[in-house]
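None of these values were measured; they are calculated from a predicted model. Sequence positions, counted from 1, serve as the residue numbers for this chain. Keep in mind that the numbers below use all heavy atoms, side chains included, and drop hydrogens, waters and symmetry copies.
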Amino acid sequence: MVNDQDKALKFYTEVLGFVKKIEVPMGEYKWLTVVSREEQGGVELLLEPMGFEPAKTFQKECLGLAYRSQRFM
């Protein structure tokens, strides 16, 4: 998950060498994926925005689970 999709895209493409594969506008956000330059038919990374409500819920649950797991270790 990313705070800013445009900044994340720039980082993944210009710094890490990934290639943009899909960009579909979805209101305020977009469905945005990048792939390895060498394996463009391979795994896609979704640059999902943090402001997207389902992403917030997912992050809250994952962080809560990680916190609860560490408390019992």
Problem set entry | Over all atoms of both residues, closest heavy-atom pair of Val2 and Ala8 | CG1-CB, 3.6 Å
For this session: Report the residues that fulfil side-chain contact (heavy atoms from CB on, under 4.5 Å) with Lys21, sequence neighbours left out, ordered by chain and then residue number.
Result: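 Lys21 satisfies side-chain contact (heavy atoms from CB on, under 4.5 Å) with Thr33, Val35, Glu44 only.
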For this session: Identify whether Tyr29 and Leu32 are in the same connected component of the hydrophobic contact network (ILVMFWY, side-chain heavy atoms under 4.5 Å).
Result: no
Problem set entry | Shared hydrophobic cluster, Leu46 / Val43 (ILVMFWY, side-chain heavy atoms < 4.5 Å) |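 Leu46 and Val43: separate clusters.
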Exercise. Could you give all pairs that pass the side chain to side chain donor-acceptor pair (under 3.5 Å) test and reach residues 34-43, with sequence neighbours left out?
Worked result: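 Listed once each, the pairs are Ser36-Glu38.
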For this session: Supply the atom-to-atom distance Leu47 CG to Asp4 CG, rounded to the nearest 0.5 angstrom.
Result: 10.5 Å
For this session: Sequence neighbours left out, what passes salt bridge (charged side-chain N to carboxylate O under 4.0 Å, His left out) with Lys20? Give chain and number order.
Result: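 For Lys20 the salt bridge (charged side-chain N to carboxylate O under 4.0 Å, His left out) partners, ignoring immediate neighbours, are Glu23.
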For this session: With sequence neighbours left out, write down each residue that passes side-chain hydrogen bond (donor to acceptor under 3.5 Å, both in side chains) with Asp6, or none if nothing qualifies.
Result: Lys30
Show the atom names and distances, to 0.1 Å, of all donor-acceptor pairs under 3.5 Å that link a side chain in residues 12-19 to residues at least two apart or in another chain.
unit_1: Thr13; atom_1: OG1; unit_2: Leu9; atom_2: O; d: 2.7
unit_1: Thr13; atom_1: OG1; unit_2: Lys10; atom_2: O; d: 3.4

